[in-house]
Amino acid sequence: MPIQSKNPYTGEVLTTYSEASSQLVENAIEKAHFTFQTWKAKPLEYRVNLLLRLAEVLEKDTEALARLMALEMGKVLADGRAEIEKCAACCRYYAQHAADFLKDKALAAPHGKAYVQYEPLGVILAVMPWNFPFWQVFRFAAPHIVSGNTALLKHASNVPQCALAIADCFTKAGFPSGVFQTLLIPSSSVPAILADERVRGVSLTGSEEAGKSVAAEAARNLKKSVLELGGSDAFVVLDATNLGHVVQMAAKSRLVNMGQSCIAAKRFIVHESVYENFVSQLKGIFKSVRIQDPLQEGSTYGPMAQAHLAEELNQQVKQSVQMGAEQIGVGYLGEAIFQPSILLGVKEGMPAWEEELFGPVASVRSFSTVEEAIHLANDSRFGLGGSVWGQVEKAESVARQIHSGAVYVNQMMASHPAIPFGGVKHSGYGKELSESGLWEFTNAKSIWVA
Ligand code: NDP
């Protein structure tokens, strides 16, 4: 089946590509494996310098790359530019810290000299999603390539132009050609790649279903896997501290990337004393959202990435309303257009509470005691990245009791190269970013000299 690049705002098919043949995939694996032998042996400084060049290429090509995201998955230009800048910053972060993260770590052995040496594993497969088509790939690639691994990218089928552009950035930066390669393949090609002995691990960002399938294949072949899956995290408002600002952040946390973010705030758990005020201000912000052509300069909100995603979100909203929730806002307008909506009266059992709503819909409910807020925040099969807002000591204490990969206090949840990122429960396992992320695809080898 051809791989299609389609503009979600106009519905226009931009271009189609043939799937890579099995011979092409074989060639790419062999090249990645062959390159690994020399790449890992290069001085770290050599790999670091190429990463710095990669950051420069990204910055130079920002406009073109942001445009590609707008075309293929509807991200507005300003957000696309910010995404590319973040990728460049991630490259620079690892260029700056790789030597420290990868240096031998002394161990307290009972005698002699003992330490850990960090070795790269080999060829790593990245299975990546369309929502942040560059960021998701660069936060994988920067640490794992600087540590000496080589990478194969299987990107989401709706962003083939972005996938090819990423490989092109590596070429422009001067990387040896087998260090990073894009494969235009369907998900059905992934098991054979994971079964190949030359491929040593896989990192997937995407849905629970994709995660289960890829993790099962990795396990069958005894390969290391890192999974970054969905989230339905809590945004807990404890009191009236800075409420106007908190509501602004609530809207931003929910509407980031048209709601298509695993760490977007999804369940708003608001103290009864500020609930009415919170809802009324949030309504005002959601109502003011204008969906425009993402390619138009100045647009702040665009379509969702694909029509079927907007339809699926609409089904979740309709079912929640049938079960008793109240919808505020018009919601689904056909094709990939979804006007932000608020769901009130959300309860256990409704899709809006139990599932991930991957689009611009905020589920809001109130609580009366702190214990209840903690219980509600933890009442999810996901746990990726939430936030707690209010008086600092109280908010920090609540944050420490929420079972999630990360909980931020009085600031919006967002990934940062220096902060470990990764979930618990059905949000996946393993870490990305920081030194924890870099170590995921290294062998922490113990050396003990008598
Ligand atoms: P998917 O999980 O289907 O896609 C993500 C990536 O996984 C794509 O590269 C996809 O390839 C690949 N993939 C899918 N199934 C398999 C499989 N069985 N084996 C190997 N690779 C696979 O996400 P969708 O685009 O379908 O979005 C659906 C939902 O997933 C969203 O509504 C959201 O809940 C969640 N999601 C979460 C993301 C996150 O950041 N955590 C990002 C994107 C989605 P292909 O495109 O070729 O199918």
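Atoms within a ligand are numbered from 1 in the order they appear, just like the ligands themselves.
- Residue contacts with ligand 1 include Gln136, since one or more of its heavy atoms lies under 4.0 Å from the ligand.
- By the definition of a contact as any protein heavy atom under 4.0 Å away, atom 4 (O) of ligand 1 is not in contact.
- Checking Thr35, Thr150, Leu54 one by one against Phe175, the side chain to side chain contact (heavy atoms under 4.5 Å, CB included) holds for a single residue, Leu54.
- Taking the six-membered ring for Trp and the full ring otherwise, the centers of His144 and Phe140 sit less than 6.0 Å from each other.
- For atom 22 (C) of ligand 1, the closest non-hydrogen atom on the protein side is Ser187 CB, 3.2 Å.
- Nearest to atom 28 (C) of ligand 1 among the protein's heavy atoms is Ser207 CB, 4.2 Å.
- Surrounding NZ of Lys40 are more than 12 heavy atoms belonging to other residues, nucleotides or ligands, all under 6.0 Å away.
- The proximity of Leu229 to ligand 1, defined as any non-hydrogen pair under 4.0 Å, is limited to the backbone.
- Remark: the backbone N or O of Lys223 is not paired with any side-chain donor or acceptor of Asn221 at under 3.5 angstrom.
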What donor-acceptor contacts under 3.5 angstrom involve side-chain atoms of residues 252-260, with partners at least two apart or in another chain?
{"from": "Ser253", "atom 1": "OG", "to": "Met249", "atom 2": "O", "distance (Å)": "2.7"}
{"from": "Arg254", "atom 1": "NE", "to": "Ala265", "atom 2": "O", "distance (Å)": "3.2"}
{"from": "Arg254", "atom 1": "NH1", "to": "Leu357", "atom 2": "O", "distance (Å)": "3.1"}
{"from": "Arg254", "atom 1": "NH1", "to": "Gly359", "atom 2": "O", "distance (Å)": "3.1"}
{"from": "Arg254", "atom 1": "NH1", "to": "Val361", "atom 2": "O", "distance (Å)": "2.8"}
{"from": "Arg254", "atom 1": "NH2", "to": "Gly259", "atom 2": "O", "distance (Å)": "2.7"}
{"from": "Arg254", "atom 1": "NH2", "to": "Leu357", "atom 2": "O", "distance (Å)": "3.2"}
{"from": "Arg254", "atom 1": "NH2", "to": "Gly359", "atom 2": "O", "distance (Å)": "2.9"}
{"from": "Asn257", "atom 1": "OD1", "to": "Lys75", "atom 2": "NZ", "distance (Å)": "2.8"}
{"from": "Asn257", "atom 1": "ND2", "to": "Asn131", "atom 2": "O", "distance (Å)": "2.9"}
{"from": "Asn257", "atom 1": "ND2", "to": "Gln260", "atom 2": "O", "distance (Å)": "3.1"}
{"from": "Gln260", "atom 1": "OE1", "to": "Ala305", "atom 2": "N", "distance (Å)": "2.9"}
{"from": "Gln260", "atom 1": "NE2", "to": "Asn257", "atom 2": "O", "distance (Å)": "3.1"}

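- Aromatic pair Trp439/Phe101: centroids not less than 6.0 angstrom apart.
- Only the backbone of His155 comes within contact range of ligand 1, with a heavy atom under 4.0 Å; no side-chain atom does.
- Within the 4.0 Å cut-off (strictly below), no protein heavy atom is located near atom 26 (O) of ligand 1.
- What sits closest to atom 18 (N) of ligand 1 on the protein, heavy atoms only, is Ser213 OG, 3.1 Å.
- Contact annotation: for Phe132 versus ligand 1, there are no heavy atoms closer than 4.0 Å.
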Give every donor-acceptor pair under 3.5 Å between a side-chain atom in residues 179-193 and any protein atom, sequence neighbours left out.
{"from": "Gln181", "atom 1": "NE2", "to": "Ala28", "atom 2": "O", "distance (Å)": "3.0"}
{"from": "Thr182", "atom 1": "OG1", "to": "Ala163", "atom 2": "O", "distance (Å)": "2.8"}

